[in-house]
Amino acid sequence: MRTAVELPKRVKAFPQLRFMGSKYRLLPWIHDVLGELSFDSALDGFSGSGSVAYLLKSMGKQVTANDRLRFSHEIATAIVENPGVVVAPEDMELLLRANADKRDFIQRTFRGIFFEEADLAFLDLVWSNLPALDDPYKRALTLAALIRSSVKRQPRGVFTVAGDPEHYKDGRRDLRLSLREHFVEQVDTYNLAAFDNGRANHAFHGDVFDVDPKGIDLVYLDPPYVPRADDNCYVKRYHFLEGLATYWEGAEFTERSRVKKLKKPYTPFSYRRDATDAFDRLFRQFADSIIVLSYSSNGFPDLSTLVSLMGRYKKVVEVQGRDHRYHFGTHANVERNQVTEYLIVGQ
Ligand SMILES: C[S@@+](CC[C@H](N)C(=O)[O-])C[C@H]1O[C@@H](n2cnc3c(N)ncnc32)[C@H](O)[C@@H]1O
């Protein structure tokens, strides 16, 4: 029987994000499975909240984290690529000065939609002062702290519907605290999460199919699932965070969206007609690496199809299963969120 190996202590510092499909709660199990494999460099191809990339970094591996969401990329830059740079008190002074260029895009665009006026003004202010920080890791830490602050301050952590001002008077601490108060706490949290594991780690922002597979011993793949209903779109849920990561640079809003959603990017993993071929291409791309695929029992295509697809490129394909409940659903659909999680390992 497999014996559980203790999680590296470092993992406890990971700033957990309410993120659809996050594997944070599965990290001890993923660690056990990864711990039995022999590898030195690793790619997390769909890093999302960054939890698995952070685990790999904590295990002392040389890590590359990739996601095509900009805010995921900022988080990965802050805590995976970053070799231990922190935001110092004097940096905070710079960030919290008066709005350097009087910018107000966020206030004008999201007034009456999300947060309170002072919160929106605070986001404009931090962005106006961000260029004063000359270190890219300090900037990424600042953005990661703003992103996590926004998730905490936002009811349910998603941006699909406009916020009800009454929510912000809710007794719960996360909703009661202003964005400024959250931010001050979150900078400390991210500073504690930043560390050097002695390796040259990287954060990429792009399509997984554009990642060069050369020199990657192990690739961990956790793509989105083909949705049962139209509800797995990351940009639909997190468009505000995605915009915030770049101050909505070049943003294209969805027409007639009350909450100013950004346009939805295409990914083959979200469509029944494209997903099987996408998995095949992915396995071919990483045929020379150990492949570890996260898959859930409510995914598509089914488990046996994925195992035989991986078998085209790998001599041995092994499946590990584990019951898991995602905490995203409301009471009505909680059963749907009770799934078996699999790790399909190809060597
Ligand atoms: C299930 S989530 C990953 C969750 C992550 N393992 C965690 O623990 O937070 C899937 C991620 O895939 C990303 N994604 C979707 N299509 C992609 C593509 N073609 N290339 C890179 N990333 C993609 C999404 O932006 C999302 O962050």
Side-chain angles (χ1 to χ4, degrees), residues 7 11 14-31 33-34 42-58 63-80 144 147-148 151 157-158 193 202-213 218-227 231-239 241-243 245 262-271 274-275 277-283 285-286 291-300 324 326-328 337 339 341-344:
L7 262 187
V11 178
F14 176 73
Q16 188 195 356
L17 200 69
R18 285 169 83 177
F19 186 82
M20 179 166 60
S22 163
K23 297 297 177 284
Y24 178 76
R25 292 196 315 125
L26 291 167
L27 290 183
W29 173 56
I30 294 176
H31 176 247
V33 174
L34 293 177
L43 165 72
D44 182 351
F46 302 81
S47 65
S49 72
S51 67
V52 178
Y54 195 77
L55 166 69
L56 288 161
K57 181 177 179 184
S58 306
V63 186
T64 303
N66 176 73
D67 201 284
R68 55 125 185 233
L69 284 174
R70 296 222 171 247
F71 74 90
S72 295
H73 174 246
E74 290 301 338
I75 292 170
T77 305
I79 58 174
V80 179
I147 288 161
R148 191 158 187 256
V151 173
V158 296
H202 295 289
F204 288 145
H205 166 246
D207 192 321
V208 69
F209 292 108
D210 294 332
V211 177
D212 182 356
L218 177 143
V219 57
Y220 170 73
L221 301 170
D222 185 19
Y225 306 135
V226 173
D231 67 356
N232 89 332
C233 178
Y234 286 87
V235 171
K236 178 172 142 191
R237 284 174 185 246
Y238 305 122
H239 62 95
L241 309 177
E242 190 60 359
L262 295 170
K263 286 212 169 126
K264 174 178 173 167
Y266 166 81
T267 184
F269 298 100
S270 291
Y271 297 92
D274 300 338
D277 171 64
F279 278 108
D280 186 51
R281 283 192 288 138
L282 207 51
F283 298 157
Q285 181 177 349
F286 295 106
I291 301 177
V292 179
L293 174 73
S294 263
Y295 172 75
S296 116
S297 53
N298 62 3
F300 173 89
H324 182 60
Y326 280 97
H327 271 228
F328 247 96
N337 291 328
V339 297
E341 276 290 322
Y342 296 103
L343 285 172
I344 309 176

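Note that the coordinates shown come from a computational prediction; the quantities given were computed from them, not determined experimentally. These values consider heavy atoms only, across backbone and side chains, with no hydrogens, waters or symmetry-generated copies. We count ligands from 1, going down the list as the structure has it; atoms in each ligand are counted the same way.
At a 3.5 angstrom cut-off on N or O pairs, Pro268 does not count as close to ligand 1.
With hydrogens and angles disregarded, no donor-acceptor distance shorter than 3.5 Å links the side chain of Glu74 to the backbone of Ile147. Between the side chain of Tyr24 and the main chain of Arg18, no donor-acceptor pair closer than 3.5 Å is present.
Nearest non-hydrogen protein atom to atom 14 (N) of ligand 1 is Phe46 CD2, 3.7 Å. Considering only non-hydrogen protein atoms, atom 4 (C) of ligand 1 sits nearest to Asp222 OD2, 3.3 Å. From the protein, the heavy atom lying nearest to atom 9 (O) of ligand 1 is Ser49 OG, 2.7 Å. Closest protein heavy atom to atom 26 (C) of ligand 1: Asp67 OD2, 3.5 Å. The single protein non-hydrogen atom nearest to atom 1 (C) of ligand 1 is Tyr234 OH, 3.1 Å, given as residue, atom name and distance. Looking only at protein heavy atoms, the nearest one to atom 20 (N) of ligand 1 is Val208 N, 2.9 Å.
The Gly21 neighbourhood of ligand 1 comprises atoms 4 (C), with distances under 4.0 Å to a heavy atom of that residue. Which parts of ligand 1 touch Phe19 is read off a 4.0 Å heavy-atom cut-off, strictly below it: atoms 9 (O), 27 (O).
Contacts of Thr267 with ligand 1, taken as heavy-atom pairs under 4.0 Å, involve the side chain alone.
For the ligand labelled ligand 1, residue Ser47 lies inside the 4.0 Å heavy-atom shell. Within the structure, ligand 1 lacks Ser294 among the residues with a heavy atom less than 4.0 angstrom away.
Within the model, atoms CZ of Phe204 and CG of Asp210 stand 11.0 Å from one another, a figure rounded to the nearest 0.5 Å.
Between Phe46 and Tyr220, a ring centre-to-centre spacing not shorter than 6.0 Å is recorded.
The closest heavy-atom contact to atom 18 (C) of ligand 1, among the options Lys23, Arg68, Arg25, Met20, comes from Arg68.
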